[in-house]
A.B. asks: 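Got a structure here, written out as structure tokens. Questions coming.
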Amino acid sequence: MRRLPALLVLALLAVTALAADRVPKRLVHVRVPSPDRIAALVEAGFDIAGMNKRDQTVGVVATDDEIRRLESLGFGFTLGPSNDDPVTIQALQDYTDPAEMA
């Protein structure tokens with residue numbers, strides 16, 4: 001019986017560690033008036049989730065640091081939902097970026 005509390009403590013520590021590793025990410029709608037701006041996003045290593053040709057925007061999944069980098073590179077953008085807000089976007093909660101797949 002003494003093992004059960006120890007196992008519960010270990011399980012709680014593991015869950016806490018996983019939650020601490022989770023990095024908040026947002027879907028960012030980046031304005032791309034020309035194809036060379038899309039190429040610049042790719043070359044800069046941003047995680048492109050999709051493109052809306054009609055609105056001339058590219059969806060980028062980005063951390064706060066990457067959002068600041070977008071701004072410093074001169075990209076205009078609109079912030080979308082975040083994966084740390086379970087009410088507005090549950091799809092990003094299970095999002096896996098390409099680096100995690102490698």
Side-chain angles (χ1 to χ4, degrees):
M1 279 299 182
R2 196 158 188 191
R3 285 185 75 200
L4 185 60
L7 289 175
L8 288 174
V9 169
L10 286 175
L12 181 60
L13 288 173
V15 168
T16 303
L18 287 173
D21 287 344
R22 185 186 187 107
V23 176
K25 296 180 182 181
R26 294 189 85 94
L27 179 61
V28 182
H29 305 281
V30 182
R31 289 182 286 286
V32 286
S34 64
D36 62 319
R37 295 303 280 165
I38 298 169
L41 282 172
V42 172
E43 289 171 13
F46 288 101
D47 182 7
I48 297 176
M51 180 176 180
N52 184 326
K53 289 183 179 183
R54 185 176 51 90
D55 292 342
Q56 293 185 316
T57 60
V58 171
V60 172
V61 178
T63 63
D64 288 341
D65 288 341
E66 291 167 329
I67 292 169
R68 285 189 285 277
R69 201 165 125 234
L70 277 170
E71 191 170 35
S72 73
L73 292 171
F75 286 96
F77 56 85
T78 304
L79 296 177
S82 172
N83 68 343
D84 65 352
D85 184 358
V87 173
T88 58
I89 187 159
Q90 295 186 5
L92 276 181
Q93 291 178 356
D94 295 326
Y95 177 78
T96 303
D97 67 39
E100 293 173 318
M101 297 298 289

A.B. asks: With a 4.5 Å cut-off on side-chain heavy atoms, are L70 and L41 touching?
C.D. replies: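 SC-SC contact between L41 and L70 confirmed.
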A.B. asks: Tell me the closest heavy-atom pair linking V30 and F77, and the distance in Å.
C.D. replies: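 The answer is CA-CB, 4.0 Å.
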A.B. asks: On a heavy-atom basis, which atom in R31 and which in F75 lie closest, and how many Å separate them?
C.D. replies: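 Smallest interatomic distance, heavy atoms only, reads O-CD2, 4.4 Å.
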A.B. asks: What is the minimum heavy-atom distance between Q56 and P33, and which atoms define it?
C.D. replies: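 Closest pair (atom of Q56, atom of P33, distance): NE2-O, 3.7 Å.
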A.B. asks: Tell me the closest heavy-atom pair linking R37 and L73, and the distance in Å.
C.D. replies: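 Smallest heavy-atom distance, with atoms named: NH2-O, 3.8 Å.
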A.B. asks: How far apart are the closest heavy atoms of E66 and T63, and which atoms are they?
C.D. replies: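 Shortest heavy-atom contact: OE1-N, 2.8 Å.
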A.B. asks: Would I67 and V60 count as a side chain to side chain contact (heavy atoms under 4.5 Å, CB included) if you check the C-alpha gap in whole Å, the side-chain angles of each, and the deciding distance to 0.1 Å?
C.D. replies: CA-CA 9 Å; I67 292 169; V60 172; over 6 Å; no
A.B. asks: Going from OG1 on T57 to NE2 on H29, what distance comes out if it is rounded to the nearest 0.5 angstrom?
C.D. replies: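 Between T57 OG1 and H29 NE2, I get 7.0 Å after rounding to 0.5 Å.
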A.B. asks: Looking only at atom types and distance, does a side-chain atom of R26 sit under 3.5 Å from a main-chain N or O of G80, one as donor and one as acceptor?
C.D. replies: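 Here the side-chain-to-backbone pair exists.
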